[in-house]
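Counting begins at 1 with the first residue of the sequence. Every value quoted in this text rests on a predicted model; they were computed, and no experiment measured them.
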Amino acid sequence: MPSIDLHALEGDLLLQGVWEGLGRPECHLTGGYVRDRLLGRGSTDLDLVAPGSIDEWTGAARRLAARLDTGAHILGSGAKRVWRLTTDHMTVELWPMGDLRLEEDITRRDFSSNALVWRMPNGPMVDHIGAIDDLQTGTLRGLSRANYEDDPVRLLRASRFLAQLDGFELETETAAWIQ
């Protein structure tokens, strides 16, 4: 079974720098960076979720882009628009939640291991769905069949994660959804 370090994000200088570059807003880190750091893996792909609209985050995205000497670009359309900043060393995506609460946003993720959230910059960790237990048991568990129907590319991510995450197995119901 995988070994996880629940304190891996404490004092993370990359997170501190990104948060300060955004102007110290209310936001949470989620996705692969949280998962990978807890598993002792390196990562430079930060997904941040924040209250408000894409327009409300224009200033923060541009401030961070200036600090990183890169551009801030909007990807997607409608409610799925996201700010993306890319450098040679990292990618930051800022996902405005609109009117959703954090608990609702979490349920839109592909796998439980990507649904942990860390309040920026110093925690605490938020786990509303048992993701820490899944990490400790090496279980790759989907959150809902509807999430895969909404975005079929997520089906392919299961194979990638299983290849990258030593000791992980696909949960039975998730395997049925993918099949």
Side-chain angles (χ1 to χ4, degrees), residues 5-129 131 135 143 147 150-154 156-157 160-161 164-165:
D5 177 3
L6 293 174
H7 303 285
L9 296 172
E10 294 173 7
D12 187 306
L13 296 178
L14 179 60
L15 296 183
Q16 183 73 33
V18 167
W19 182 67
E20 289 176 1
L22 288 167
R24 299 176 178 219
E26 175 188 345
C27 62
H28 290 81
L29 175 72
T30 190
Y33 191 89
V34 176
R35 178 200 64 232
D36 288 345
R37 298 295 293 129
L38 293 182
L39 291 171
R41 296 165 40 100
S43 182
T44 56
D45 184 10
L46 284 75
D47 294 321
L48 303 173
V49 294
S53 70
I54 193 87
D55 295 330
E56 292 174 88
W57 286 92
T58 300
R62 290 185 177 156
R63 267 190 304 279
L64 180 59
R67 184 172 184 163
L68 297 175
D69 194 27
T70 192
H73 308 282
I74 295 177
L75 301 178
S77 61
K80 295 184 179 182
R81 292 185 302 162
V82 57
W83 282 104
R84 177 179 276 177
L85 296 81
T86 304
T87 73
D88 291 341
H89 306 290
M90 65 188 288
T91 300
V92 178
E93 290 186 350
L94 181 57
W95 295 83
M97 293 186 295
D99 294 331
L100 292 178
R101 294 181 334 225
L102 185 61
E103 296 80 12
E104 295 168 317
D105 180 76
I106 290 167
T107 64
R108 300 185 309 166
R109 309 272 165 225
D110 52 2
F111 299 100
S112 63
S113 60
N114 291 335
L116 285 166
V117 292
W118 177 260
R119 183 170 173 74
M120 293 287 281
N122 296 314
M125 182 77 69
V126 178
D127 180 7
H128 289 291
I129 56 162
L135 284 177
L143 297 185
N147 290 356
D150 182 46
D151 184 359
V153 172
R154 292 174 167 179
L156 301 173
R157 291 170 52 102
R160 187 182 86 197
F161 291 145
Q164 292 175 339
L165 301 173

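- The salt bridge (Lys or Arg N to Asp or Glu O under 4.0 Å) check on D45 picks up nothing, with sequence neighbours excluded.
- With sequence neighbours excluded, the residues satisfying side chain to side chain contact (heavy atoms under 4.5 Å, CB included) with D151 are V153, R154.
- The distance from atom CD1 of I54 to atom NZ of K80, rounded to the nearest 0.5 Å, is 14.0 Å.
- The side chain to side chain donor-acceptor pair (under 3.5 Å) search around T30 returns none, not counting sequence neighbours.
- Rounded to the nearest 0.5 angstrom, R41 CZ and D36 CG are separated by 4.5 Å.
- R160 is linked by a salt bridge (Lys or Arg N to Asp or Glu O under 4.0 Å) to nothing, counting only residues two or more places apart in sequence or in another chain.
- Every residue two or more places apart in sequence or in another chain that forms a side chain to side chain donor-acceptor pair (under 3.5 Å) with E10 is listed here: H7.
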Donor-acceptor pairs under 3.5 Å, side chain of residues 59-69 to any protein atom, not counting sequence neighbours: which ones?
from : atom 1 : to  : atom 2 : distance (Å)
R63  : NE     : L22 : O      : 3.4
R63  : NH2    : L22 : O      : 3.0

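- For F111, the ring pair (Phe, Tyr, Trp, His ring centres under 6.0 Å) partners two or more places apart in sequence, or in a different chain, are Y148, F161.
- Between N147 and R109 the shortest heavy-atom distance is ND2-O, 2.7 Å.
- Side chain of D127 to backbone of I129: a donor-acceptor contact under 3.5 angstrom is found.
- Between H128 and T107 the shortest side-chain heavy-atom distance does not fall below 4.5 Å.
- The minimum heavy-atom distance linking E104 with D99 is given by the pair OE1-O, 4.3 Å.
- Listed by first and then second residue, the side-chain hydrogen bond (donor to acceptor under 3.5 Å, both in side chains) pairs that reach into residues 51-60 are S53-E56, sequence neighbours excluded.
- Listed by first then second residue, pairs satisfying ring pair (Phe, Tyr, Trp, His ring centres under 6.0 Å) with a partner in residues 65-87 number zero, not counting sequence neighbours.
- The side chain to side chain donor-acceptor pair (under 3.5 Å) test applied to N122 returns no partner, not counting sequence neighbours.
- By the side chain to side chain contact (heavy atoms under 4.5 Å, CB included) test, L156 is found to be paired with no residue, residues two or more places apart in sequence or in another chain being considered.
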Check residues 113-121 and write down every donor-acceptor pair under 3.5 Å in which the side-chain atom is one partner and the other belongs to a residue at least two apart or another chain.
from : atom 1 : to   : atom 2 : distance (Å)
N114 : OD1    : R35  : NH1    : 2.5
N114 : ND2    : D110 : OD1    : 3.0
W118 : NE1    : P121 : O      : 3.1

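- P96 approaches R81 most closely through the heavy-atom pair CD-O, 3.7 Å.
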